[in-house]
Each structure stands twice: as C-alpha cells, then as structure tokens.
S.K.: 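First, the structure itself, so that you have it in front of you.
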Protein chains: 2
Amino acid sequence: MAKAFGPPNDHNILLASLSPDLRAVLAPHLELVRLEQRSALEYPQEKIERVTFPVDCVGSMVAVGDEGRRIEVGLFGFDGMSGTSIVMGVETSPLEVFVQVAGDGYTIDTEVFRGLLDQHDALELHFKRYIHCLNIQTTQTALSNGQSKLEERLARWLLMCHDRVSDDRMALTHDFLSIMLGVRRAGVTVGTHILEGKGLIRAGRGVITILDRDGLEAEARGSYGVAEKEYARLFGNPPTD
Amino acid sequence: MAKAFGPPNDHNILLASLSPDLRAVLAPHLELVRLEQRSALEYPQEKIERVTFPVDCVGSMVAVGDEGRRIEVGLFGFDGMSGTSIVMGVETSPLEVFVQVAGDGYTIDTEVFRGLLDQHDALELHFKRYIHCLNIQTTQTALSNGQSKLEERLARWLLMCHDRVSDDRMALTHDFLSIMLGVRRAGVTVGTHILEGKGLIRAGRGVITILDRDGLEAEARGSYGVAEKEYARLFGNPPTD
DNA sequence: CCCGATTTGTACGCTTCTGTACCTATCCAG
DNA sequence: CTGGATAGGTACAGAAGCGTACAAATCGGG
C-alpha cells in the first residue's frame, strides 16, 4: 500500500478537504508559523491556547502516568490537528502534545476557532470526523501495545510517521523511538536491526530510511492500516490519485 | 477513593445530567429494553442501528486485529453510551461493542438521535464531552497495556467494572477477563491470586468480590483514575454527594 | 583536529508472560 | 445422583523484554 495520505504535503489535508466556503471561513484567522522540535502544543490539564494544523511538521500526543511512565497515544501531521479537545467542547486534556518533527503549521486562536465551530455546523462535523479517525488510531495503538512484539510496533510506528513526512529519510534516534513506544532504548536498537536485516529499512546515526513499505506493513501484522483506511474513506484520497 | 460515579444506578447518569429541557427532547424517543449478556450493540464496519444508554448493564468496546488478536479499548455502563461514532458524524466504527453484564438500558434509533443532535447543539455538546472522557479512558488503556504488569491491569479493570455495577460481587470468569485484557487465561488465574493474597479481592467460581478499593487503586499504580477524574469534573458527582 | 557530547551496539542476568498441557473442582440438567 | 460441561489451578520450557552497564562509533564546536 502506498502512503496513507499521498504525496502532497505543502498544505494541511484536513483544511484542504474543507469545502471552499468553509475554508474561506477559517482562512482569515489562520496564521502560518514555524514549529520547532520539542515545542509544546498542549500541556496536560492546562488551557489550550491555540489549535494547530501541521503543514510539514509532525506532532505526538503522549499519555503520562506515575513513575515516569509515558507512551504515545496519537500521531498527527498534515492529515490532522492539535487541540482536538476544543472540538469536543472541553478546554483541556490530560495529554502532552508536542512537535516531534519541526516544520510549518497553521494556527488559530482557541476562542476564535470555537466561535467559528459554533457558527458552522458543517465545520464542526468535518473536525469531528477527523477526531473519530484519531480515536481509531488510539484504539489500534492500545491493541498494538498489548498484543504486538516490539519490532511489529516499531514497523507500525515508522509507517505512521512516514505517512506524514515527505522524505523516505526520517530523523529519528533510538532514544526518541523508545519513548514513543514505551520500551527500552536498547530494545529499539535490536528492533531496528531486525527490520534492517529483512531489508525493510536502513538505519544510520539519527536517521532511519524506509526502503520497503509493503514489507513493513507485512511486518506490522495487521496493526497498521485500520485507522488509515477510515481516514481515506472519510476524507478521500488526494486529488493526484 | 469511592466509586467514580457514586451509588445510584437506577438510571443513566449521562441522561440524568442533561438539563430538564434537553432530557425532555430525548425522553419521548427512548425505549427501555433488556440487554442480555454477549448481545452485540455494534458490529465492526456495520451501520449502527441503535444507540444505547445502559441503566444497569455494562458494555465493552473491543478492537480486533489479525490472527484473532483482540483487546478491550473501552468500558461503559450507566455513565455512558454505545454508538459514540454517531455523535462524531460517522455511521460505523471498526470496533465490536457488546453487552458484558446483562441488564436494562435505554435505546434510541440512530436516525432519530442524529436528528435531535442536529437540532440541539447543547445536546450534542453533552455527548461530545462524554466521548472526550471515553477517549481519555482509551489513552489510559493504551498506556496501561504498554507499561503495566498483568496484576496492575487487572486491578484497573476490576475498578472500572466495579464503578459501573451496584454490587461488590461481580460475575466474571478468568476466561472472560483474559479476553478483555488480551492475556492468557492462566495468567488471569495467577493475577487474581496475587490480588487475593493481598486481601484486595475474593475470588470464587465465576465471581470476584471487591474487598478493598483503595488497595486496588494503589495496586493499579496510577493507571486508574485519570479518565474518572475528568468525568467527575465534567459531569459532576451525583446529587447524593 | 581534538574533545566532549550524543548515539548506537552489545552483553548479562532477571522478570514477566506465553503456549501448551493436564488435572481438579464445581455446577447443572436429566 | 450422575455425567458432561464449565471454570479454575498448576506446571514447565521458552520467548520477549527489562534494567543496567559499558564500550564503540560518530558528530560538532572550539
């Protein structure tokens, strides 16, 4: 299977798939900003100030528990948005949301966004449907966390990340991946070697290159694809397809 | 900590916490029905016919993967509802939703429900906020699946189930629990012995009795409570508190 | 071009959980 | 009261991953 969201990533698909009139409603309030790696988009239990629609950056939603436990529960790029709680009518969330791959994104003030959603039901519907897809992604993560081996989870994660960047080369350290997957750093090293040994990826210092998407999907053994199919069904494939 | 949703369960809290006028909007369309154990409330990828608000039954949302992999990703009782996708503007979901503990519940036809949501934004807001809580529950499940030991996950699950039934005695087999947690049946047997050994529960054939909620919460080591606190914040404690 | 910082490779013993198997205890219908 | 069905207890070898530790490789600033 090709990338879930197709090649174009000079814009945000979620915004681009709005009808022209709804896009016109949002456009005047969107501001294009540069988002640096590790910068926070939301803090746990703190008021969400801005909603962000990535263009070529990638964000992670991470659940934090006691004793430093943490694990990624959501990944989004030009397919999605931060600040989903706002759409749900809640002003905070217990998750950490931060920029994982630096890049540009459109932001809008939370209050303004909430106001526009209230005025345009079709706008809210659009974002609710995206959140539905994101929730499915989280359920698949829960399934994967409970039932898959490390290298299967790694394969799934690499595919999801690859879907959201333009390059087959991705800047990722084992340490970073270990936090996302909630496993040992050394475990990621072993996992990457397994995938590398099968010719699915190539790993360099701080870089992982995707060589064989189909192979990775097979390696993920069904843990990848459900959320992506739902997204494709609801938001369609990009015009180039 | 006492039960997350307090003692009363002769009604559905989600419905009861609606304003009187919104309750009046829904009431004429609700039908009280008996829901038997194992009966399906939603089938994966099939149109959701009815939305259900449990009174004294409990439902599970289960993600299914390849090779018979399955794991529970959501639990709801008189605090919640089935058919959450409908609120999100989508008519299907990839999850299995079924009755885990038999009992009564109010149901409403999907089309009628969707129509009422469209007419009453405040009604939709109410259910969106519930879904926000349910999503948090799923993120905590993902965290727990990835980072907790079997007996911690078991303790968490028993607490969540206990929140949603009226009795300290719960009809649960090890086999059933093993499916919910996505572990071996024999593993659940060992897990229950650990909790029993600490005096937190008592286990009989097909029955688990909660003896010490606070002890179970400590045993869950932070994996229980986040979603429950959010629910309490948004929907308040029951009037008896 | 050298030094400290970052990243990766590898090893070891240990815990947790699995797959499988088999036996026992309890329940219920006839 | 008995026989089949259901539920639970236990055991064993092995896989998977952990915590920890340390060394090697690579990078970038001075």
Side-chain angles (χ1 to χ4, degrees), chain A residues 37-38 65-71 100 143-158 169-198 201-209 219-221 223, chain B residues 37-38 65-71 100-101 142-158 169-198 201-209 219-221 223:
Chain A
Q37 194 176 16
R38 292 165 199 272
D66 286 9
E67 303 160 42
R69 292 176 186 188
R70 55 179 49 223
I71 209 159
Q100 191 195 94
L143 177 62
S144 192
N145 289 354
Q147 306 255 346
S148 298
K149 288 198 297 186
L150 200 158
E151 64 273 21
E152 295 171 9
R153 293 175 55 198
L154 181 58
R156 172 174 184 259
W157 196 93
L158 292 174
R169 298 177 71 255
M170 304 187 291
L172 299 166
T173 65
H174 294 183
D175 195 63
F176 175 80
L177 286 166
S178 76
I179 294 168
M180 293 298 103
L181 297 176
V183 298
R184 264 186 333 153
R185 195 275 309 162
V188 173
T189 303
V190 174
T192 55
H193 289 173
I194 292 173
L195 299 183
E196 211 171 4
K198 295 185 178 184
I201 63 171
R202 184 167 49 239
R205 183 186 162 92
V207 180
I208 290 179
T209 308
E219 187 68 26
R221 299 172 68 103
S223 68
Chain B
Q37 194 177 14
R38 290 165 200 273
D66 286 8
E67 303 161 42
R69 293 177 185 186
R70 52 177 53 222
I71 210 160
Q100 191 195 96
V101 175
L143 176 62
S144 192
N145 289 354
Q147 306 255 345
S148 299
K149 289 197 296 186
L150 200 158
E151 58 286 12
E152 295 171 10
R153 292 175 54 197
L154 181 57
R156 172 174 185 259
W157 196 93
L158 292 174
R169 297 177 71 253
M170 304 187 292
L172 299 165
T173 65
H174 295 184
D175 195 65
F176 176 81
L177 287 167
S178 75
I179 294 168
M180 292 300 102
L181 298 176
V183 299
R184 263 186 336 153
R185 195 273 309 161
V188 173
T189 303
V190 174
T192 55
H193 289 172
I194 292 173
L195 299 183
E196 212 171 3
K198 295 186 179 183
I201 63 171
R202 185 166 49 237
R205 184 188 161 91
V207 180
I208 289 179
T209 307
E219 187 68 25
R221 299 171 68 99
S223 68

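Computed from a predicted structure; not experimentally measured. Below, read A as the first sequence line, B as the second, and so on, with proteins coming before strands; counting in each chain starts at 1.
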S.K.: Tell me which of T173(A) and A186(B) sits closer to the 5' end of DNA chain C, going by the nucleotide each one is nearest to.
M.R.: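 Final value for this comparison: T173(A).
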
S.K.: Is there a side-chain contact between L195(B) and I208(B), using heavy atoms and a 4.5 Å cut-off?
M.R.: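 When only atoms from C-beta onward are counted, I208(B) and L195(B) do not touch, as no gap falls below 4.5 Å.
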
S.K.: For L150(B) and dC18(D), give me the distance from atom CG to atom P, rounded to whole Å.
M.R.: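 Distance check: L150(B) CG to dC18(D) P gives 16 Å.
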
S.K.: Find the distance L177(B):CG to dA7(D):C1' and express it as a whole number of Å.
M.R.: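 Result: 12 Å.
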
S.K.: Whole angstroms only, please: what is the NZ-P distance between K149(B) and dG19(D)?
M.R.: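 So the NZ-P distance, K149(B) to dG19(D), works out to 12 Å.
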
S.K.: Grab the NE2-C1' distance between H193(B) and dG9(D) for me, whole Å please.
M.R.: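 Atom-to-atom, H193(B) to dG9(D), this comes out as 6 Å.
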
S.K.: By nearest heavy atom, map G182(A) and R184(B) onto DNA chain D; which one lands nearer the 5' end?
M.R.: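 Closer to the 5' end of DNA chain D: R184(B).
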
S.K.: Measuring from atom NE2 of H193(A) to atom NZ of K198(A), what distance do you get when rounded to the nearest 0.5 angstrom?
M.R.: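 Here the interatomic distance stands at 14.5 Å.
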
S.K.: Heavy atoms under 4.0 Å, any strand shown: does V183(B) hit a base, just sugar-phosphate, or nothing?
M.R.: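 Sugar-phosphate, no base atom in range.
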
S.K.: What range of DNA chain C does chain B touch, first nucleotide to last, counting atoms under 4.0 Å from its heavy atoms?
M.R.: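 Going 5' to 3' along DNA chain C, contacts run dT16(C) to dC27(C).
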
S.K.: Measure from CZ on R69(A) to C1' on dG19(D) and round the result to the nearest Å.
M.R.: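 Rounding to the nearest Å, CZ of R69(A) and C1' of dG19(D) are 15 Å apart.
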
S.K.: Let me confirm one number: the CG-OG distance from D66(A) to S223(B), rounded to the nearest 0.5 Å.
M.R.: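 Rounded to the nearest 0.5 Å, the CG-OG separation comes out at 8.5 Å.
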
S.K.: For the pair made of CG in D175(B) and P in dT6(D), what is the distance, rounded to whole Å?
M.R.: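 To the nearest whole Å, that distance equals 11 Å.
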
S.K.: At 4.0 Å (heavy atoms only), tell me whether G204(B) reaches a base, stays on the sugar-phosphate, or touches nothing.
M.R.: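 The answer is sugar-phosphate, as G204(B) gets under 4.0 Å only of primed atoms, P, OP1 or OP2.
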
S.K.: In whole Å, I'd like the distance from the CD1 atom of I208(B) to the P atom of dG9(D).
M.R.: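 After rounding, the reported distance stands at 10 Å.
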
S.K.: Can you name the nearest heavy-atom pair linking G182(A) to R153(A), along with the distance?
M.R.: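 The answer is N-NH2, 4.5 Å.
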
S.K.: Select from G187(B) and V207(A) the residue whose nearest nucleotide in DNA chain C is closer to the 5' end of that strand.
M.R.: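 This one resolves to V207(A).
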
S.K.: So, does E152(B) use its side chain to make a donor-acceptor pair with the main chain of R221(B) at under 3.5 Å?
M.R.: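 Such a contact is absent between E152(B) side chain and R221(B) backbone.
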
S.K.: In Å and rounded to the nearest 0.5 Å, what is the CG to CD1 distance from N145(A) to I71(A)?
M.R.: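 The CD1 atom of I71(A) is 4.0 Å from CG of N145(A), to the nearest 0.5 Å.
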
S.K.: Taking N and O atoms by type only, does the side chain of R205(B) place a donor or acceptor under 3.5 Å from a partner on the base of dG8(D)?
M.R.: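 Such a pair does not exist between side chain and base.
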
S.K.: Side chain of R185(A), heavy atoms from C-beta onward: which of dA25(D), dG9(D), dC22(D) has the nearest atom to it?
M.R.: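 Comparing dA25(D), dG9(D), dC22(D) against the side chain of R185(A), the answer is dC22(D).
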
S.K.: Please report the distance, rounded to the nearest Å, between CD in Q147(A) and P in dA16(D).
M.R.: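 These atoms are roughly 15 Å apart.
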
S.K.: Any donor and acceptor pair, going by atom type alone, linking the side chain of T192(B) with main-chain N or O of T189(B) inside 3.5 Å?
M.R.: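 Pair found, side chain donor or acceptor close to backbone of T189(B).
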
